[in-house]
Amino acid sequence: MYFVQPETSDLEIRKHEQNFNLKSNYSQVSEFILVGFPDKLEFEILLFCFLLFLYIVTIFGNCLIILLVWRSSRLHTPMYFFLANYAFMEMFLSCIITPKVLIHLLSKRKSISYAGCMVQSYCFFVLGTADLILIAMMSYDRYIAVCNPLHYIIIMRRFRCGLLVALSWLGGFLSVSIPSIFKAQLPYCGPNIINHFFCDSVPLIQLVCADTILLQMIDFCLFSLVIIGSLIFVTITYTFILMTVLRIPSVTGRKKTFSTCTSHFTIMIIAYACSIFMYVTPRHGHSLEVNKVVSAMMSFIIPVINPFIFTLRNDQVQNAVHDIIKQVRSIP
């Protein structure tokens, strides 16, 4: 007994030392290093110019949509109210990611604080989730407009449209807040290098020095519920829309009716395809490098093409632009 007791004490001492070191390491991780792009000066300068151009076009294009919907009386309809809110979300989403990426491209130390990383990740997923829910709300608007046009104005009142947008934001906050709280409380005791250009969930969880099975399950279930649930809702609404359009006797009438849904349908396909690939499919099926390419499309490309998709083939928006230009020219 005399020889066993000291060994037991040594084990307990080692255990306390390990716990102390773990807590010390956890407290020392105050920032993360983002290594999303190759560290070559020529490439970084070229990429900076390209992303800066996309960022300027994104801000200008989405601000233009919001301004047109606000100023033009012919765009004061539920469809364009949803479109203006969607443009605001896309612009805000770009502002969360792009400025930090541009700063990192011009600096040698590509770091982000612990708090900044958590806030960036939280805001990105809140907006991304709200985006998908709003797309589902927009499909409901198109369903009422096509399948029940006589009661469209009564059903899609201003209060109901505002409520649907508020529910989109609320759905984003509720579905992202729970895993974000868990993620912020986990120990990050090194390394602190994130293989991404922003604080995405997958590479961030890989840096946790604790068991993350429960968090990954929560993430997967919530992402699947939002993405697959809203996709099923959109599929059902567009099935009814397609059935209604096919019952229209004239070809011209079918084209005119379905043309009001084409821009929304295009954005829907792109958004859901990227989201399902990133957060619903098994993670071992694709590498982080592929994830970064899809994330770059979601963060830089989609926000900049949305204004063009919604305006190039939309006569009402084009007429609203002409009206604004005439108003500007008439100012002495």
_Donor-acceptor pair, distance only, cut-off 3.5 Å: does the side chain of Arg157 make one with the backbone of Ile154?_
yes
*How about Arg71: does its CZ atom have over 12 heavy atoms from other parts shown lying under 6.0 Å from it?*
no
*Can you check side chain to side chain contact (heavy atoms under 4.5 Å, CB included) on Leu54 and Thr98, steps first, answer last?*
CA-CA 9 Å; Leu54 292 183; Thr98 309; over 6 Å; no
_Measuring only between side-chain heavy atoms, which start at C-beta, is Ile270 closer than 4.5 Å to Ile305?_
yes
*Can you measure from CD1 (Ile241) to CG (Leu246) and round to the nearest 0.5 angstrom?*
12.0 Å
*Spatial distance of atom CG (Leu83) from atom OH (Tyr86) [nearest 0.5 Å]*: 9.5 Å
*Are Ile232 and Val226 in one and the same hydrophobic cluster, where Ile, Leu, Val, Met, Phe, Trp and Tyr link if side-chain heavy atoms are under 4.5 Å apart?*
yes
*asked:* Testing the basics here: between Tyr152 and Met79, what is the closest heavy-atom pair and its distance to 0.1 Å?
replied: OH-N, 3.8 Å
*Should the pair Phe124 and Phe198 be assigned to parallel (<30°), tilted (30 to 60°) or perpendicular (>60°) ring geometry?*
tilted
*Is there side-chain contact between Pro149 and Ile144, with at least one heavy-atom pair below 4.5 Å?*
no
*asked:* Check this for me: does any side-chain nitrogen of one of Glu44 and Lys110 sit under 4.0 Å from a carboxylate oxygen of the other?
replied: yes
*Considering non-hydrogen atoms only, spot the tightest contact between Pro303 and Asn62 and give its length.*
O-ND2, 3.2 Å
_Does any part of the side chain of Glu90, heavy atoms only, come nearer than 4.5 Å to the side chain of Ile302, both counted from C-beta?_
yes
_Under the ring pair (Phe, Tyr, Trp, His ring centres under 6.0 Å) test, residues paired with Phe37 that sit two or more places apart_ = Phe197
*Do the ring planes of Phe88 and Phe92 sit parallel (below 30°), tilted (30 to 60°) or perpendicular (above 60°)?*
tilted
Please table the atom pairs, donor to acceptor, closer than 3.5 Å between any side-chain atom in residues 174-183 and protein atoms at least two apart or in another chain.
unit_1 : atom_1 : unit_2 : atom_2 : d
Ser175 : OG     : Gly171 : O      : 2.7
Ser175 : OG     : Gly172 : O      : 3.4
Ser177 : OG     : Tyr122 : OH     : 3.0
Ser177 : OG     : Phe173 : O      : 2.5
Ser180 : OG     : Val176 : O      : 2.8
Lys183 : NZ     : Ser201 : OG     : 3.4

*Given the rule in the ring pair (Phe, Tyr, Trp, His ring centres under 6.0 Å) test, do Phe223 and Phe125 qualify, once you have shown the distances and angles that lead to the verdict?*
CA-CA 10 Å; Phe223 285 142; Phe125 286 106; 5.5 Å; yes
_Co-membership, hydrophobic cluster, residues Ile193 and Val208, 4.5 Å side-chain_ = no
*CE of Met118: more than 12 outside heavy atoms within 6.0 angstrom?*
yes
*Kindly check if the number of other-residue, nucleotide or ligand heavy atoms within 6.0 Å of CD1 (Ile269) is above 12?*
yes
*List the steps and the verdict of side-chain hydrogen bond (donor to acceptor under 3.5 Å, both in side chains) for Asn192 and Tyr114.*
CA-CA 10 Å; Asn192 64 338; Tyr114 174 84; over 6 Å; no
*Mind checking whether Ile155 and Leu163 sit in one hydrophobic cluster, side chains of I, L, V, M, F, W, Y counted as touching below 4.5 Å?*
yes
*Does Ile97 belong to the same Ile/Leu/Val/Met/Phe/Trp/Tyr cluster as Val35, with side-chain heavy atoms less than 4.5 Å apart forming each link?*
no
*Rounded to the nearest 0.5 Å, how far apart are CZ of Arg142 and CE of Met156?*
8.5 Å
*asked:* Do Ile301 and Met91 sit in one hydrophobic cluster, given that two such residues count as connected whenever their side-chain heavy atoms are within less than 4.5 Å of each other, even indirectly?
replied: yes
*Would you please test Ile133 and Leu167 for side chain to side chain contact (heavy atoms under 4.5 Å, CB included) and show each step?*
CA-CA 8 Å; Ile133 298 175; Leu167 289 175; 5.9 Å; no
*Heavy-atom distance under 4.5 Å between the side chains of Tyr143 and Tyr238, does that happen here?*
no
*Do Val101 and His104 have side chains that get closer than 4.5 Å, going by heavy atoms?*
no
_Where Ser94 and Pro99 come nearest, the two heavy atoms and their spacing_ = O-CD, 3.6 Å
*Cut-off 3.5 Å, side chains only: do Ser230 and Tyr272 have a donor facing an acceptor?*
yes
*Any Cys117 side-chain heavy atom under 4.5 Å of Leu204 side chain*: yes
*asked:* Nearest 0.5 angstrom please: Leu105 CG to Ile103 CD1, how far?
replied: 10.0 Å
*Step by step, would you call Ser72 with Tyr80 a side-chain hydrogen bond (donor to acceptor under 3.5 Å, both in side chains)?*
CA-CA 11 Å; Ser72 179; Tyr80 293 104; over 6 Å; no
_Closest heavy-atom pair and its distance - Val165, Asn85_ = CG1-OD1, 3.4 Å
*For the atom pair CG (Leu51) and CG (Leu46), what is the distance rounded to the nearest 0.5 Å?*
9.5 Å
_Heavy-atom closest contact (Leu207 atom, Pro191 atom, distance)_ = CD2-O, 3.6 Å
_Are more than 12 heavy atoms, taken from residues, nucleotides or ligands other than Phe240, located less than 6.0 Å from that residue's CZ atom?_
no
*Heavy-atom side-chain contact between Trp169 and Leu134 under 4.5 Å*: no
*When the ring centroid of Phe300 is compared with that of Phe50, is the distance short of 6.0 Å?*
no
_Any donor-acceptor N/O pair, His196 side chain to Pro203 backbone, under 3.5 Å_ = no
_Shortest non-hydrogen separation from Lys292 to Asn195 and the atoms involved_ = NZ-OD1, 3.1 Å
*To the nearest 0.5 angstrom, please state how far the OG1 atom of Thr212 sits from the CE atom of Met217.*
12.0 Å
*Less than 4.5 Å apart, any side-chain heavy atom of Ile112 and any of Cys199?*
yes
